[in-house]
There are 2 protein chains.
Amino acid sequence: MLCYNIYSGDTIALPMRFFMPRASAVSADFPQRGHDHSACGSHALLEAEAVCRSRQVKLTDLRRKVLETIWEDHAPMGAYDILAKLNAEGERNAPMAVYRALDFLIENGLVHRLSSLNAYIGCRHPGRSHSGQFLICSQCNIVAEITSEAVSKTVARAATSRGFKPSGEIVEVMGLCPHCRGN
Amino acid sequence: MLCYNIYSGDTIALPMRFFMPRASAVSADFPQRGHDHSACGSHALLEAEAVCRSRQVKLTDLRRKVLETIWEDHAPMGAYDILAKLNAEGERNAPMAVYRALDFLIENGLVHRLSSLNAYIGCRHPGRSHSGQFLICSQCNIVAEITSEAVSKTVARAATSRGFKPSGEIVEVMGLCPHCRGN
DNA sequence: GTCATAAATGTTATGTTATAACATCTATTC
DNA sequence: GAATAGATGTTATAACATAACATTTATGAC
């Protein structure tokens, strides 16, 4: 089958026995410039549906709209940005509505909050419970979510070796993404 | 010589050739309950003087007072908490004053900001330029600043292996400190 | 179906954190 | 002592987030 990798931008021939939509759709950490981003959003929405179904929680209209809005960009979005987009077509949502939807989405592993930016971003591997690790480009604002076992293990070890019992962690790295470091 | 470790609470006999005030004063990551905390503050102030002298920047009255206030506690302090303490005796400082002092102190490596808490804490190893790694107790709010080479290297490796050029990082671990995990 | 309940959303107000913009003062250098 | 840079003062407002309570909507028991 032909398979379009929305991150790398390649179209590749993929033997059917290797068909793994998730892995192919979400392979590179940094999306290709000019990729078909709507695909990211619809992919994420499908995953969100599945997650909510299996967790028996409700992806209501409002929550879905907030999630869609977040996925309009690979750069993180502030709560009030989301609000503005929601209300752009005349709706009259209040900040509370957005924050509540965000709480729900974060609780269910569909969205992450970036503490260093007070902003929110769609989760790239929903379902798995995890605190993400983020690479934040200070030039173009794109954020890559990575999941490095090495990082989480090393951090956990550093904490426990000091008698600390970790229950959650934040790892946010600022710097230049592959696209911007060239400039 | 006799040496009092303000963190562990021990008094130890230390051969003069091993006299390293900094290491002895700041050894354990989590301070002992009930230690003489004023010693932490005065120690930090002395170090701050030295750092500012060597960097040829001015530790003005206001900046010193902010730093002292931060060191009144091992738990991180919000900017407006600091403001309230400064103004407790009738002064009329504005938020700007505190934020400007904090900017200075952070720039010169004397204070860290904890993104996950929007709060500030005195740096335990000033002078060395570093982004700290923090263990934050969610029960007693005490924060330990650690400096794990393993963590920083692993994080840097994870970033660069993805084509990212890191310039700064945030590592904040939430959990229970040695004192609280027993309860 | 309708009643009771829980869940979600609506609404208003306010709390908390941080910065912009410009005026004034102070220290330093020549 | 005039010029300058750095620090602080002052006022206003931006940006981010939650409290508290009212109303609506979904769900299950009967």
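The sequence lines fix the lettering, A, B, ..., with proteins before strands; numbering per chain opens at 1.
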> In whole angstroms, how far is the P atom of C:dA8 from the CG atom of A:L105?
Replying inline: 12 Å

> Once you round it to whole Å, what is the distance between C1' of D:dG9 and CG of B:D61?
Replying inline: 15 Å

>> Rounded to whole Å, how long is the line connecting atom CZ of B:R63 with atom P of D:dG6?
In response: 11 Å

> Linking I/L/V/M/F/W/Y whenever any side-chain heavy atoms sit under 4.5 Å apart, do A:L135 and A:L176 land together?
Replying inline: no

Are there any protein N/O atoms within less than 3.5 Å of an N/O atom in nucleotides 10-21 of chain C, and if so, which ones and at what distance?
{"residue": "C:dG10", "atom": "N7", "partner": "A:R100", "partner atom": "NH2", "Å": "2.5"}
{"residue": "C:dG10", "atom": "O6", "partner": "A:R100", "partner atom": "NH1", "Å": "3.1"}
{"residue": "C:dG10", "atom": "O6", "partner": "A:R100", "partner atom": "NH2", "Å": "3.4"}
{"residue": "C:dA18", "atom": "OP1", "partner": "B:R113", "partner atom": "NE", "Å": "3.3"}
{"residue": "C:dA18", "atom": "OP1", "partner": "B:R113", "partner atom": "NH2", "Å": "2.1"}
{"residue": "C:dA18", "atom": "OP2", "partner": "B:Y99", "partner atom": "OH", "Å": "3.0"}
{"residue": "C:dA18", "atom": "OP2", "partner": "B:Y120", "partner atom": "OH", "Å": "3.2"}
{"residue": "C:dA18", "atom": "O5'", "partner": "B:Y99", "partner atom": "OH", "Å": "3.4"}
{"residue": "C:dA18", "atom": "N7", "partner": "B:Y80", "partner atom": "OH", "Å": "2.8"}
{"residue": "C:dA18", "atom": "N6", "partner": "B:Y80", "partner atom": "OH", "Å": "3.2"}

> What integer distance in Å separates B:L83:CG from D:dG9:P?
Replying inline: 12 Å

> Pick one: which of A:L86, A:L83, A:D61 meets side chain to side chain contact (heavy atoms under 4.5 Å, CB included) with A:V66?
Replying inline: A:L86

> Can you check whether B:A75's main-chain N or O pairs, donor with acceptor, with B:D73's side chain at less than 3.5 Å?
Replying inline: yes

>> From CD1 of A:I82 over to P of D:dC16, roughly how many Å is that when rounded to an integer?
In response: 11 Å

> To the nearest 0.5 Å, what is the distance between CD (B:E72) and CD1 (B:I82)?
Replying inline: 10.0 Å

> Once you round it to whole Å, what is the distance between C1' of C:dT9 and CZ of A:R64?
Replying inline: 16 Å

>> In whole Å, I'd like the distance from the CZ atom of B:R55 to the C1' atom of D:dG6.
In response: 17 Å

> Taking atom NE2 of B:H112 and atom CD of B:Q133, what is their separation to the nearest 0.5 Å?
Replying inline: 10.0 Å

>> So does B:F134 get a backbone contact from the side chain of B:E172, meaning a donor-acceptor N/O pair under 3.5 Å?
In response: no

